[in-house]
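Structure first, then comments.
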Amino acid sequence: EGGRLLAHTTGGTSLSCVLQHIVKNRPARAMIVTDGLVEQIDPDLLRSCRGTTLSALVTRGGSPNLLAQAGIRYTQLEALP
């Protein structure tokens with residue numbers, strides 16, 4: 001907005017509400033931006049997202065472990081030089 005990137009956040013990444021939104025709206029693709037500190041990912045809810053190409057962008061100091069365990073493709077940012 002007005003040349004600025006604005007984001008509304010709750011201070012944590014709850015993937016359940018993100019996945020429910022995907023199930024409801026059925027986008028072709030969805031990108032999750034996170035530090036990777038997420039709760040356990042519900043495999044049934046994740047399966048309900050079939051048909052959406054789902055990926056994640058993880059901050060450089062974040063942990064992609066739970067995303068990887070769930071089979072969510074991710075890219076982790078590197079430290080700036």
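This one's a predicted model, so the numbers in the text were calculated from it and none came from an experiment. Atom set for the values below is all heavy atoms of this structure, side chains included, hydrogens, waters and symmetry mates excluded.
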Separation of R26 CZ from C49 SG (nearest 0.5 Å): 7.0 Å
Common cluster, L67/L57, ILVMFWY with side-chain heavy-atom separation under 4.5 Å: no
T59/T34 under side-chain contact (heavy atoms from CB on, under 4.5 Å): CA gap, chis, key distance, verdict: CA-CA 6 Å; T59 58; T34 180; over 6 Å; no
T53: side chain to side chain contact (heavy atoms under 4.5 Å, CB included) partners, not counting sequence neighbours: R29, R73
T75/S55 under side-chain contact (heavy atoms from CB on, under 4.5 Å): CA gap, chis, key distance, verdict: CA-CA 8 Å; T75 299; S55 55; over 6 Å; no
Point-to-point distance, once rounded to the nearest 0.5 Å, from OG of S63 to CD of Q76: 7.5 Å
Distance in Å, L15 CG paired with I72 CD1, rounded so as to fall on 0.5 Å steps: 6.0 Å
Contact check, side chains of V58 and L77, non-hydrogen atoms, under 4.5 Å: no
Intermediate values then yes/no, side-chain contact (heavy atoms from CB on, under 4.5 Å), L66 and Q69: CA-CA 5 Å; L66 287 176; Q69 288 173 13; 3.4 Å; yes
Heavy-atom side-chain contact between V38 and S14 under 4.5 Å: no
For the student: nearest non-hydrogen atoms of I22 and P27, plus distance: O-CD, 3.5 Å
Test side-chain contact (heavy atoms from CB on, under 4.5 Å) applied to D42 and L19, step by step: CA-CA 9 Å; D42 179 343; L19 297 177; 5.8 Å; no
Inter-residue atom distance Y74.OH - N65.CG, 0.5 Å rounding: 7.5 Å
